[in-house]
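Structure, as C-alpha cells:
Reckoned from all heavy atoms, side chains included, excluding hydrogens, waters and symmetry mates. Here is how names work: the chains are called A, B, and so on, in the same order as the sequence lines, proteins then strands, and each is numbered from 1.
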Amino acid sequence: MADEEKQYEFLAIEKKWQKFWEEEKTFRAEDKSEKPKFYALDMFPYPSGAGLHIGHPEGYVASDILARYKKACGFNVLHPMGWDAFGLPAEQYAIKTGTHPSVTTQANVDNFRRQIKSIGFAIDWDREINTTDPKYYQWTQWIFLKLFQRGLAYVAEKPVWWCPNLLAVLANEEVVDGKSEVGGHPVERRNLRQVVLRITAYAEKLISGLDELDWPNSTKRQQKAWIGRSEGAEVQFGIDGMDHKLKVYTTRPDTLYGATYMVVAPEHQLLEKLVIPEKKDEVKAYIELAAKKSDLDRTDLAKDKSGVFTGSYCINPVSGEKVPVWVADYVLITYGTGAIMAVPAHDERDFEFAEKFGIPIKRVITRTDGDEEKSKLPYSGPGVMINSAEYDGMDANVCKDKIITDLETKKIGKGTVNYKLRDWIFSRQRYWGEPIPLVWVTLDNFEKAMDTPGEVRELLPEEPVTSEKEGETFYALPIPPTELPLELPEVEKYHPSGTGESPLATIPEWLNIWFDLNTGRSVSQIEPKPEGDNWVSATRETNTMPQWAGSCWYHLRYIDPNNNEHLVDPKKEAYWGAPDFYIGGAEHAVLHLLYARFWHRFLHDEGVLAQPEPYKKLFHQGLILGEDGNKMSKSVGNVVSPDLVINAYGADSLRLFEMFLGPLEAVKPWSEKGIEGVHRFLKKVFREANSTEKHLTTEEKDPDTLRLLHETILKVTESIEDLRFNVAISQMMILANHLQKVETFSVETIKVLLQLLAPLAPHLSEELWEKVGGTPSIVNQPWPKARKELLVSDEITIVFQVNGKLRGEGKFSKETTKEEIIATAKEHEKVLAFTTGKEIVKEIYVPGKLVNLAVRG
RNA sequence: GCCCGAGUGGCGGAAUGGUAGACGCUGCGGACUUAAAAUCCGUUGCCAGUAAUGGCGUGAGGGUUCAAGUCCCUCCUCGGGCACCA
C-alpha cells in the first residue's frame with residue numbers, strides 16, 4: 001500500500017489548474033449579471049527589474065481569498081491586475097544602456113505577469129491594463145484636459161531641488177542631508193516652471209469625505225493632518241508711519257492683547273519697505289542666509305531661533321500699542337499670510353524667540369483653578385481673559401468668537417480657514433511619463449484662438465494659463481480629445497537637457513509645431529505650414545506627468561478597459577461602483593490615496609462618475625520582514641524570492657503561509673521552517689482526501705466529526721469575513737488533525753473541508769475536489785453553511801471556579817439545570833477543599849461554560 | 001516635542017470580560033527503517049514535589065469586577081505618523 005501511495009506533486013497540480021482556469025476563463029467578470037457584485041482591488045505593482053518579492057503577494061493573496069470566497073458565496077466577482085509602469089528606474093536604465101524604456105518595461109511586465117500567474121490568482125486577465133499604453137494614457141490626458149478646462153491646472157515658478165552635477169531636478173525624497181541620494185552631489189533650490197494642480201480647491205471636500213470611508217483610522221488621521229485645516233482670523237495691523245497694512249493669520253485671536261511683536265517671513269513682499277536704512281545690511285544678510293538654508297536645516301535648527309529687527313513698528317489694532325516688527329525664518333511664507341502677530345505668553349515658539357531677544361512677554365489668559373505648575377508660561381490651555389481691556393473676565397474660548405465678530409465690524413479682520421495642503425506639483429522634467437497635452441502660443445495667437453470656434457476654444461479655462469519665457473508671455477492651449485493620445489516621441493537620449501527641462505525639449509521636430517486653432521491638430525515645423533488661417537506656430541509642453549497620474553484612476557479602467565469612447569461606460573460604472581475591498585501598503589497614505597480621491601471627486605463633480613469616492617473599504621497589509629527580523633533588502637541579503645519558494649513548496653504553500661504568518665496588518669518575519677509546517681498540513685489534507693478506503697459513507701455519521709466540521713465551517717467563514725486568515729487556517733488544521741486520527745469519515749466531510757480550503761489553497765483543492773468526485777471548478781460550488789444546531793454536543797463540560805480560580809470540572813447532559821450543576825459543583829472534592837469553613841457569598845453560572853463560587857472568610 | 005498603535009512561552013501567534021498559551025515552528029523522548037528521508041506517537045510557560053497536587057504567570061504599578069491578557073488610571077519600552085503650519 002505504502003509504495004502505491006500518491007505523492008503531493010504540487011508543481012504538476014498547480015500547472016494543471018492554472019491552465020484550466022485560463023482556458024475555461026473561470027474568473028471572467030460579467031458586466032451584466034443578476035448576481036450581486038464584488039470588486040476586489042490590489043494596489044497595482046510597479047514592474048521593477050528585480051521581479052516580484054515576497055511582500056507583493058501578501059496583499060494579492062488576501063484579496064484573492066476574498067474574491068474566491070465571494071464567488072463561492074454567489075457574487076459576480078471582479079479581481080483585476082495591471083501595471084503602474086511609468087517611472088524613474090526604467091528611465092535611468094535607459095540612460096545607462098540606451099535601451100528604450102518601453103522595451104525594459106515590457107520585459108519587466110512579462111516577468112511580473114509570469115510570477116503572478118504562478119501563484120494562481122483568480123484574476124480576469126482580459127482586463128489587464130498598463131499605464132504606459134497610449135490607449136490607457138489617452139484617458140489620463142483626457143482627465144488632465146478636464147482639470148485644465150475648469151481652471152484647476154496652472155503654471156507657476158516653484159522652488160524645486162536642482163542638482164548641478166546630475167543636471168536634474170530631484171524629488172524631496174531623493175535629497176538626503178542636502179545632497180543627492182545618488183552620487184552624493186550637493187543640491188540647491190531653483191525656481192523652475194512647473195505645471196501645478198489646484199488640489200487645494202478640494203481641501204474641504206477631501207476632509208469631509210473621509211467620514212464616509214471604511215479606512216484604517218491611522219490613514220484617515222494622516223490625510224486629515226496632511227490637509228491640516230485650521231480655523232482662525234486674519235487681522236490687519238497698521239504700520240507706524242506708513243499707509244501699508246500688515247496682514248497676519250492667527251488661530252488665537254483671543255490673545256490679540258498679548259501680541260508684543262510681529263514677525264514676517266524672509267520672503268515677505270512688504271519686508272523691503274519695512275526695513276529702515278540703518279538695518280538694511282543686517283536684514284539683507286539674514287535674508288541671504290535664510291535662502292541658503294534647506295528645509296532640512298530649518299527643521300533641524302527648530303530649537304534655535306534666529307531673526308533680525310527691521311526697525312519698524314506696527315500698531316496693535318485693538319490696544320493701540322506699538323510693537324516691533326522682526327524678520328525670522330520660523331515664519332513660513334507658504335502658510336497663512338507669511339506674517340504673524342507673536343504672543344510669547346501663549347505660544348511656545350514665540351516664547352522662545354522673545355526670551356532670546358529680550359522682547360516683553362504679556363500674559364492675557366489665566367487659569368481659574370490656581371494650579372501654578374500647569375499655568376507656567378508659555379501657557380496654551382483654557383482660561384479667562386486678563387490684561388485685555390473690555391474682554392477681561394471672559395472665557396478665552398468665547399472671547400475668540402467675540403473678537404472675530406468685533407474685528408469684522410471694525411473691518412480690520414475676518415474669520416478665516418487655512419490649510420497646510422499645498423497645490424500639487426504635477427510636472428516632471430523626465431522622459432518616461434505621460435506627455436502633458438498642452439501647447440504654448442503667443443498672445444496674438446491666443447486671442448485668435450479665443451475667436452476661433454471649435455474644440456480648442458471649448459476647453460479653455462476662464463482665466464488663461466500663462467508662462468513666462470525669456471521675457472515673453474506664452475499662453476496655453478489644450479490638445480483636444482480628438483487628437484489624443486498625445487504619444488511620447490522617440491528620442492535618442494533620455495538624459496535631461498541640462499537646463500532643467502525635460503529630454504523632450506531636446507527634440508526640435510517634436511517641440512516646434514504648426515497648430516490648428518480649430519481642430520487642435522498639429523504638424524511638425526520640419527513640414528511646411530499647412531494651408532489655412534487657423535494654423536499657427538506653437539511649441540509643445542515638454543514636461544511629463546508624475547507617476548501618480550496613472551494610478552489616480554486605474555480602478556475605473558478595469559471596469560471598462562477597452563472603451564475608446566468613454567473613460568468608463570456610465571452603465572458599467574453604475575453596476576461595479578467603487579471597489580468593495582482595496583488592499584495595499586500604508587506608505588501611500590498621503591500620496592496615491594489622496595491624489596486618487598482628488599481626481600475621483602473632481603470627475604464626480606464633472607458628472608463623469610456617479611460615485612464621489614474611489615475606495616470605500618481600504619486595508620493595509622503589514623510588511624513581511626526577512627528571517628533575521630530586518631526589512632528585506634538586496635544589500636542585507638535577506639530577500640526571499642517567491643519563485644524559489646514555489647519551486648520548493650508550491651504556490652499553495654506560499655499562499656497559505658503568507659496568511660498563516662500572523663494578522664494581515666501586522667509586521668512579521670518570514671520563516672523557512674514555518675512554511676514547512678503549512679506544507680505538512682497540505683500534505684496531510686492530500687493524504688486524507690486520497691485515502692479512499694477511509695471514506696465509507698456519503699453523509700457524516702460520527703457526531704464528533706460532524707460537530708467539529710460545522711464548528712470549522714462557522715469559524716472559517718467568520719475569519720475570512722474578518723480578514724483573519726491565520727485563524728481560519730488554524731481551524732482547518734484542527735479538522736485535518738482530527739480526520740487523520742479517526743478510523744473513517746464521510747465523503748461529504750472531506751468535500752466541505754476542500755471547499756473551505758479552496759480560497760486559500762486553490763490548486764490542491766481543485767485537484768482533490770475532482771478526485772473525490774466533484775465537478776470543477778470548486779469555486780462555483782455554493783459555500784458550505786454551518787448548521788448551528790450541530791454545534792452543541794449532548795454532553796457539555798462545565799468548569800468550576802472558586803473566587804475565579806479553576807478548581808475542577810464536571811460533565812453534564814445539555815438538559816441539566818443550572819441548580820443541578822451548581823449543586824454538583826459545590827460537592828466537588830477539590831471545590832470543597834477551598835470552600836469548607838467559608839461562606840459562599842455569590843454563585844455565578846455562565847450557561848454551558850462555568851460555575852464560579854465567590855467565598856469569604 | 002505632539003498624535004496614534006502595540007507589548008502574551010525559546011519563536012510566529014490564539015483567546016464575544018468567563019478553563020491563558022489554540023494552531024504552527026523549535027527543542028526533547030520514542031515508533032517505523034539496515035540507514036536516511038517521509039510519516040506517526042508522546043512531551044515542551046516558570047517554581048516546588050517521585051507523584052497526586054499546589055503556588056506563580058499576559059511590560060511595571062494601582063483600580064473596577066464574582067471573574068481582567070481583555071475595561072479604567074499612572075508609568076516604562078518598542079513600532080508608526082507629524083514636526084517651527086502661528
Side-chain angles (χ1 to χ4, degrees), chain A residues 2 5 7 216-219 221-222 224-226 228-230 232 248-252 255 259 263 295 298-305 328-332 334-343 346-350 352-353 418-422 586-587 589-590 620 622-623 629 656-657 660-663 665-678 680-681 683-684 687 718 724 726-734 736-737 740-741 797-809 830 833 840-856:
Chain A
E5 196 174 298
Q7 292 297 305
N217 276 328
S218 57
T219 307
R221 254 198 313 275
Q222 234 176 302
K224 236 177 215 166
W226 187 260
R229 183 184 199 276
S230 78
V248 302
Y249 174 71
T250 177
T251 55
R252 297 294 304 274
T255 63
V263 185
D295 287 357
R298 280 200 180 192
T299 310
D300 260 10
L301 301 174
K303 296 273 172 326
D304 190 20
K305 298 266 183 303
D329 67 2
Y330 82 90
V331 170
L332 309 175
T334 46
Y335 185 76
T337 62
I340 62 160
M341 63 175 213
V343 186
H346 305 290
D347 181 280
E348 212 177 305
R349 297 150 301 186
D350 298 346
E352 201 189 312
F353 192 88
N418 253 310
Y419 302 92
K420 290 187 200 175
L421 186 69
R422 301 287 135 76
E587 67 274 15
V590 290
H620 300 306
L623 215 58
L656 210 57
F657 186 53
F660 190 61
L661 275 170
E665 69 278 13
V667 177
K668 53 230 172 232
W670 182 259
S671 153
E672 184 76 23
K673 285 287 180 192
I675 194 165
E676 284 175 19
V678 296
R680 265 198 281 276
F681 161 66
K683 280 199 279 193
K684 197 176 286 182
R687 264 198 319 274
E718 286 175 353
R724 298 170 70 239
N726 53 333
V727 180
I729 295 165
S730 295
Q731 185 62 36
M732 287 188 278
M733 284 174 168
I734 293 171
N737 289 344
Q740 181 186 271
K741 283 197 181 76
T797 302
I798 303 286
V799 300
F800 306 148
Q801 297 180 337
V802 178
N803 283 347
K805 283 202 176 10
L806 180 67
R807 297 303 177 189
E809 62 174 49
K830 283 178 200 157
I840 296 178
V841 292
K842 202 162 185 180
E843 296 166 357
I844 316 287
Y845 174 65
V846 182
K849 288 253 166 88
L850 60 80
V851 171
N852 188 16
L853 304 173
V855 300
R856 199 163 52 195

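The N737(A) side chain lies nearest to C23(B) when the options are G54(B), C23(B), C66(B). Residue K849(A) places its side chain closer to U16(B) than to any other of U16(B), C56(B), A67(B). Residue R680(A) places its side chain closer to U26(B) than to any other of U26(B), A86(B), A22(B). Nearest to the side chain of M733(A), among G13(B), G24(B), A86(B), sits G24(B). Here U53(B) is the nucleotide among U53(B), C66(B), G12(B) with the atom lying nearest to any side-chain atom of K830(A). Taking the side chain of P663(A) as heavy atoms from C-beta on, and the options A14(B), A86(B), C66(B), the nearest nucleotide is A14(B). The listed nucleotides are G12(B), G18(B), U39(B); the one nearest the side chain of K683(A) is U39(B). With distances taken from any side-chain atom of Q801(A) to the nucleotides C40(B), G18(B), G12(B), the minimum falls on G18(B). Here C82(B) is the nucleotide among C66(B), G18(B), C82(B) with the atom lying nearest to any side-chain atom of Q222(A). Which of A86(B), C66(B), C40(B) sits closest to the side chain of Q740(A) comes down to C40(B).
Heavy atoms only, all atoms of each residue included: P216(A) and H620(A) are closest at CG-CD2, 3.6 Å. Of all non-hydrogen atoms in I340(A) and Y249(A), the two that sit nearest each other are CG2-O, 4.4 Å.
F800(A) places its CZ atom 22 Å from the P atom of C66(B), with the value rounded to the nearest Å. Spacing between atom CG of L806(A) and atom P of C56(B) amounts to 14 Å, rounded to whole angstrom units. Here the P atom of nucleotide G81(B) and the CG atom of L623(A) are 11 Å apart, to the nearest Å. Atom-to-atom, NZ of K668(A) to P of C25(B) comes out at 19 Å; the value is rounded to the nearest Å.
In terms of polar N and O atoms assigned as donor or acceptor, the side chain of K673(A) never comes within less than 3.5 Å of the base of C11(B) in a complementary pairing.
As judged by a 4.0 angstrom heavy-atom cut-off over every strand, T251(A) is placed among residues touching the sugar-phosphate backbone only. Heavy atoms of N726(A) sit under 4.0 angstrom from primed sugar atoms or phosphate atoms, though from no base atom. As judged by a 4.0 angstrom heavy-atom cut-off over every strand, L661(A) is placed among residues touching the sugar-phosphate backbone only. Nucleic acid contact for R229(A): none, since no nucleic acid atom lies under 4.0 Å from a heavy atom of the residue. Looking at heavy-atom distances under 4.0 Å, T250(A) makes contact with sugar-phosphate atoms alone, never a base. Nucleic acid contact class of L850(A) (heavy atoms, under 4.0 Å, all strands): base. Within 4.0 Å (heavy atoms only), S230(A) reaches sugar-phosphate atoms of the nucleic acid but no base atom. Residue K684(A) is classed as a sugar-phosphate contact, given heavy-atom separations below 4.0 Å to backbone atoms only.
Applying the 90° cutoff around 0 to the glycosidic angle, G9(B) is assigned syn.
Panel note: side chain D347(A), backbone A342(A); no donor-acceptor pair is recorded below 3.5 Å.
With the nearest nucleotide of RNA chain B identified for both M341(A) and V678(A), V678(A) has the one nearer the 5' end. Residue order along RNA chain B, read from the 5' end via each residue's closest nucleotide, puts G662(A) first among K741(A) and G662(A).
Ring geometry, W670(A) versus F657(A): the interplanar angle exceeds 60°, so the pair is classed perpendicular (tilted spans 30 to 60°).
At a threshold of 4.5 Å between non-hydrogen side-chain atoms, the residues M733(A) and V678(A) count as touching. Side-chain contact between R422(A) and Y335(A) is present, with heavy atoms from C-beta onward closer than 4.5 Å.
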